[in-house]
Every structure is written in structure tokens, then in C-alpha cells.
Q: 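Structure in C-alpha cells, see below.
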Amino acid sequence: MRNYEIDKFAADTAKEIVVAMASSFNFTVDAESGEAISEFYSEIFNGIAETLGNSNLDTTNL
């Protein structure tokens, strides 16, 4: 069953990580770079969501 609290937390956290790292990216502004950043975000999101989904974390305070 999907846990939307975990998904929201994972999305917000992944966004913060990507934004914080954006200044260190050496990308040109084009479709290929956008796709690379999207894949990076997705991997972070999926990792956080999967890790928290498999934990016994109380998600009521996320």
C-alpha cells in the first residue's frame, strides 16, 4: 500500500538535495541535461521512499 506521507517527504527531500547540488552541476541548459537531472531526482526520490517504506518509521510527523 502506498504511503503518501513518505512520498511527500521523499519528494521534498529529493528536491532540496537537487537544488542544493545544482550549482555544482556542469550541465548546459538543454533537453539532455534536463533528462539527466530528472533521472538524478528520481533515483534520490526512489531511494528515500523505498528506505523509509521498509522501515518502522512513524510517518505521522513527516
Q: Which distance, rounded to the nearest 0.5 Å, do you find between the CD1 of Ile48 and the CD1 of Ile17?
A: 4.5 Å
Q: Looking at Phe9, is its backbone amide N or carbonyl O close enough to the side chain of Thr13 to form a donor-acceptor pair, meaning the two atoms are under 3.5 Å apart?
A: yes
Q: Under 4.5 Å between any side-chain heavy atoms of Met21 and Phe40, yes or no?
A: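 A side-chain contact under 4.5 Å exists here.
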Q: With rounding to the nearest 0.5 Å, note down the distance linking OG in Ser55 to CD in Glu50.
A: 11.5 Å
Q: Check whether any side-chain heavy atom of Asn3 lies under 4.5 Å from a side-chain heavy atom of Asp7, and answer yes or no.
A: no
Q: Kindly give the heavy-atom pair with the smallest separation between Ala49 and Ala10, and that separation in Å.
A: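 It is N-CB, 3.9 Å.
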Q: Minimum heavy-atom separation for Ile37 and Val18, please, with both atom names.
A: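 For Ile37 and Val18, the tightest heavy-atom pair comes out as CG2-CG1, 3.9 Å.
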Q: Check whether any side-chain N or O of Ser33 sits under 3.5 Å from a backbone N or O of Thr28 as a donor-acceptor pair, and report yes or no.
A: yes
Q: If you round to the nearest 0.5 Å, how far is CZ of Phe45 from CG of Asp12?
A: 10.0 Å
Q: Quick check: closest heavy atoms across Ala20 and Ser23, and the distance to 0.1 Å?
A: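 The answer is O-OG, 4.1 Å.
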